[in-house]
Amino acid sequence: MFYHRGHLARPLDAALSSGSRLAALRTLAGAGSAGRSGREVARLAGINHQSAAGALADLHKLGLVTRSRSGRKSLWNLDRARWLVSEVLAPMLERESKYATEISDLVKSTLKSHCRAAMVVGDGAKGRLAAGRPLSLVAVERGSRRDLTSALRSLKAELAQRWGVELDARAVSAAEAARIAALEEAWRLLPDEGPGFSISSKER
């Protein structure tokens, strides 16, 4: 039957077959009802203006985005009245946007009672972690290194099983962590999320 073949059977093929289209969809998913101009889409998606314009035109032909005028600007938005957008793409993109946050929350909740501080280093700290590459984590011991190592093993297993993320984790002393942070970029997860690394003299 006709509906077992082609676009009716696989509508995501056309929507997601281009990196530029997917980048534009991600950008519009976070725009709310305000929409974004083509230039905003290009800048936020990290693609050139010509690629953004082509992607938006293609998505418009597929009925996935709307175009409206605001003064001299064209504003683009997801067409949430469309089934494919409201039932598949928007929920998927919204969940994807929480992926890193939920992984971070898992790391913090697992390690919070076992270490004084934890930080992401390497490509993960720079926001350039490639698919299939391990997330590198340094955890500063508090008390028993054995307990911290056990917690890191548990975290590694859960990240691999549930999230498909490989963890490369080390338990280190505060002095070792300070040396690592001095030599490379680091993103502190514990105790307070943010760039850099420090432990007060009281915590040592």
Side-chain angles (χ1 to χ4, degrees), residues 10 12-13 15-19 21-30 44-47 87-204:
R10 298 185 300 274
L12 288 176
D13 282 6
L16 304 181
S17 61
S18 154
R21 289 181 205 170
L22 181 53
L25 286 169
R26 282 194 179 108
T27 301
L28 294 177
L44 294 170
I47 56 179
E87 299 296 321
V88 180
L89 290 172
M92 178 181 72
L93 293 169
E94 284 158 12
R95 289 296 295 145
E96 182 194 48
S97 71
K98 297 173 182 173
Y99 184 75
T101 301
E102 293 191 10
I103 289 174
S104 174
D105 289 345
L106 173 64
V107 171
K108 288 187 278 190
S109 65
T110 304
L111 299 183
K112 184 166 58 176
S113 60
H114 298 286
C115 69
R116 287 187 278 184
M119 61 183 180
V120 174
V121 295
D123 287 343
K126 300 170 190 171
R128 295 202 299 264
L129 188 64
R133 300 290 298 167
L135 176 68
S136 296
L137 183 74
V138 173
V140 182
E141 60 191 11
R142 169 171 43 201
S144 167
R145 180 171 284 204
R146 180 181 297 177
D147 289 346
L148 176 55
T149 302
S150 177
L152 288 171
R153 276 199 301 267
S154 173
L155 176 64
K156 182 172 183 174
E158 186 166 358
L159 283 174
Q161 183 177 9
R162 184 176 179 194
W163 300 95
V165 172
E166 182 185 349
L167 181 67
D168 174 22
R170 289 176 281 168
V172 300
S173 68
E176 288 173 298
R179 281 196 295 273
I180 292 167
L183 292 172
E184 58 182 298
E185 289 183 46
W187 182 267
R188 190 177 65 242
L189 293 176
L190 293 168
D192 300 304
E193 191 164 327
F197 175 78
S198 66
I199 294 180
S200 71
S201 57
K202 290 182 180 179
E203 293 176 292
R204 294 176 193 273

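All values derive from a computational prediction rather than experimental measurement.
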Of the non-hydrogen atoms in [X] and [Y], which two are nearest, and what is the gap between them?
X: A118; Y: L137; value: CB-CD1, 4.4 Å
X: W187; Y: A125; value: N-CB, 3.9 Å
X: L167; Y: L152; value: CD2-O, 4.2 Å
X: Y99; Y: W163; value: OH-O, 2.9 Å
X: A15; Y: L25; value: O-CD1, 4.0 Å
X: A24; Y: A45; value: N-CB, 4.5 Å

Query - Within 6.0 angstrom of K112 NZ, more than 12 heavy atoms from elsewhere - result: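 No, the 6.0 Å shell around NZ holds no more than 12 heavy atoms from other groups.
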Give, for atom [atom1] of [X] and atom [atom2] of [Y], the distance between the pair rounded to the nearest 0.5 Å.
X: L135; Y: R133; atom1: CG; atom2: CZ; result: 12.0 Å
X: D168; Y: K156; atom1: CG; atom2: NZ; result: 7.0 Å
X: S104; Y: K108; atom1: OG; atom2: NZ; result: 4.0 Å
X: S113; Y: L148; atom1: OG; atom2: CG; result: 10.0 Å
X: E176; Y: R170; atom1: CD; atom2: CZ; result: 9.0 Å
X: L111; Y: L106; atom1: CG; atom2: CG; result: 8.5 Å

Please check if the side chain of [X] supplies one atom and the backbone of [Y] the other of a donor-acceptor pair under 3.5 Å.
X: R188; Y: E193; answer: no
X: S17; Y: D13; answer: yes
X: T110; Y: V107; answer: no
X: T27; Y: A23; answer: yes

Report task. Give the C-alpha distance, both sets of side-chain angles, the deciding distance and a yes or no for side-chain contact (heavy atoms from CB on, under 4.5 Å) between R146 and T149. Result -> CA-CA 5 Å; R146 180 181 297 177; T149 302; 5.7 Å; no
**Report entry** With M119, the side-chain contact (heavy atoms from CB on, under 4.5 Å) member among L189, L190, I180
**Finding:** I180
**Report entry** Sub-4.5 Å side-chain heavy-atom contact between L28 and L93
**Finding:** no
